[in-house]
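Report on one structure; see the data block that follows.
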Number of protein chains: 2
Amino acid sequence: MSDNHMIDEIIDKNENLTEKQKLILEAAIESFAEKGYAATSTSEIAKKAGVAEGTIFRHYKTKKDLLLSIVAPMMAKLIAPFVIKDLNKVLNQDFESLEDFLRAMIHNRAEFLNANIPLFKIVLQEIPFQPELQKQFKEHIAIKVYERMEAIINHYQEDGQLIDLPPYQVVRMTASSIFGFLIGRYLLFPELDWDDEQEIEATIQFILHGLAPKEKA
Amino acid sequence: MSDNHMIDEIIDKNENLTEKQKLILEAAIESFAEKGYAATSTSEIAKKAGVAEGTIFRHYKTKKDLLLSIVAPMMAKLIAPFVIKDLNKVLNQDFESLEDFLRAMIHNRAEFLNANIPLFKIVLQEIPFQPELQKQFKEHIAIKVYERMEAIINHYQEDGQLIDLPPYQVVRMTASSIFGFLIGRYLLFPELDWDDEQEIEATIQFILHGLAPKEKA
DNA sequence: AATAAAAGTGAGTGATTACTCACTTTTATT
DNA sequence: AATAAAAGTGAGTAATCACTCACTTTTATT
């Protein structure tokens, strides 16, 4: 719970921010998610937030500065569970099976994204166009997270629970399946009735069977 | 081959277009893919194309009109193989196994996207913000393509080659795995050395095992 | 209560935006 | 060769853009 609701955490719980600054961030998140960063004007954000346009630039040097102050913490929180120090310990103690680990991970991150859909949209949309975000993505996700995942994958491979593919392929297939569900669920067809538990379970089973070790002949 | 290189097909082979119009389309595709639609100005496109700005508006009523004239044919071509009349016949004759069908489909669409990366980027980036494109996507992909896929899935399910999940789940998992590969390959890490054949084969095996029928107890 | 610092304001800045239009040049039609 | 239609042009337009700054109001410090 304390992990969800980034908007709250970025905005409401942060006592360094003034009241007006919080209104600005809320308005910016809403507009960026809806129309995209480039198509949103600072005057529009000021109007929606109910502040003068000058107030935005009192707190953020540029419009891009405002974007980064929103997106950077979101990316950090998104990958936080994968870079905690004791991930391996948690793993060995609590998750005997790959299935349980996978289930816990998916539930955890799905809940997080569910609670932060507009921020998720902004991150997805702006990474291709913002070199600073690409740098963050590559340095943190592609390197730090990948290293952690690699260790976990090795663990379960040695354990005989996981097919002997290169770790990057295992990561790609797992990530594709999970993001495929999340994007369909929250971005493409949010208006449909979804049985989240059943969908997640089916996704887990798909991944597990897809990555099951080859049967010995 | 004739199916690839949309840019050629939209532009060079289309004899309805004037020389300058072709230059405009080429420049627009390049800039839209690189910086995004909203962040690209018409003056910039004119400059890159080496034409007067007025020439753009002689052929396209608005900037959005220019975008749609690029993206709509791309979307149509992308889904073309799935809506041909005789897809089911082709299926029954040529693809005894789900594996062969899947392999042919992935190769075909991967080649197509590989030959049209900038257009692929534009489609992915602009769908969330352009209601006209969303409508096209839902009407053509989500309905027409899905219907075709449903029939194919039923066929292989009755054949005992495919797990008995709801077709939309089968589609989602298959599409996630394929797009996951393509996005990683061409958009996230195009600079890495990829063994395309091996990657595609691994992706096919992942999908096949993930969607294999449950063994009877 | 006096002073300083921080927060907030909104009119104003030059640059840029998508788009127009009167005009010239090229191409097609007879 | 004459005429019309289509293609191309670039200066001009009002609107909007991100951002500044002199000024007022609020908050913190002593």
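All values below were derived from every heavy atom in this structure, side-chain atoms included, with hydrogens, water molecules and symmetry-related copies excluded.
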query: Rounded to whole angstroms, how far apart are CZ on F32(B) and P on dA18(C)?
result: 9 Å
query: E126(A) versus K121(A): any side-chain heavy-atom pair under 4.5 Å?
result: no
query: For I45(B) and dC19(C), what is the distance between atoms CD1 and P respectively, to the nearest whole Å?
result: 11 Å
- prompt: Would you say the side chains of S43(B) and E53(B) form a donor-acceptor pair under 3.5 Å?
  reply: no
- request: Determine the interplanar angle of the F101(B) and Y156(B) rings, folded into 0 to 90°, and report it as parallel if under 30°, tilted if 30 to 60°, perpendicular if over 60°.
  value: tilted
field: Length of the line joining E19(B):CD and dA7(D):P, which is rounded to integer Å
entry: 13 Å
statement: Checking dA18(D), dC19(D), dA7(D) against the side chain of T18(B) (C-beta onward), the nearest is dA7(D)
message: For the residue pair R109(A) and F112(A), would you count it as a cation-pi contact if the rule is NZ or CZ under 6.0 angstrom from the ring centre and within 45 degrees of the ring axis?
response: yes
message: Is it the case that atom NZ in K138(B) sees more than 12 heavy atoms from other parts of the structure closer than 6.0 Å?
response: yes
message: What is the separation between atom CZ on F57(B) and atom P on dG12(D), rounded to the nearest whole Å?
response: 18 Å
Grab the N/O contacts between the protein and nucleotides 9-12 of chain C below 3.5 Å, and write none if there aren't any.
{"unit_1": "dT9(C)", "atom_1": "OP1", "unit_2": "K20(A)", "atom_2": "NZ", "d": "3.0"}
{"unit_1": "dT9(C)", "atom_1": "OP2", "unit_2": "A52(A)", "atom_2": "N", "d": "3.2"}
{"unit_1": "dT9(C)", "atom_1": "OP2", "unit_2": "T55(A)", "atom_2": "OG1", "d": "2.6"}
{"unit_1": "dT9(C)", "atom_1": "O4", "unit_2": "R58(A)", "atom_2": "NH2", "d": "3.2"}

Gap between atoms CG and C1', on D65(B) and dC19(C) respectively (whole Å): 13 Å
- request: Report the distance from atom CD1 of I24(B) to atom P of dA18(C), rounded to the nearest whole Å.
  value: 14 Å
statement: Output field dot_bracket for DNA chain C (Watson-Crick or G-U, both distances under 3.5 Å, | for other-strand pairs) contains ||||||||||||||||||||||||||||||
statement: Q21(A) atom CD is separated from dT26(D) atom C1', nearest whole Å, by 15 Å
query: If only side-chain N and O atoms of S43(A) are considered, is one of them under 4.0 Å from the OP1 or OP2 phosphate oxygen of dC17(D)?
result: yes
- prompt: Is any side-chain heavy atom of F179(A) less than 4.5 Å from a side-chain heavy atom of F179(B)?
  reply: no
task: Name all pairs fulfilling the ring pair (Phe, Tyr, Trp, His ring centres under 6.0 Å) condition that reach into residues 21-68 of chain B, sequence neighbours left out, sorted by first residue then second.
output: F32(B)-Y37(B)
- prompt: Going by atom types alone, do Q198(A) and Q169(B) pair a side-chain donor with an acceptor below 3.5 Å?
  reply: yes
- request: Taking the side chain as every heavy atom from C-beta outward, state whether L25(B) and L66(B) have any pair of such atoms under 4.5 Å apart.
  value: yes
message: Nearest to the S41(B) side chain among dC19(C), dT17(C), dA18(D), which nucleotide is it?
response: dT17(C)
- line: Considering only heavy side-chain atoms of H59(B), the closest of dG8(C), dG8(D), dT17(C) is dG8(D)
task: Can you tell me the distance, in whole Å, between the NZ atom of K35(B) and the C1' atom of dT16(C)?
output: 12 Å
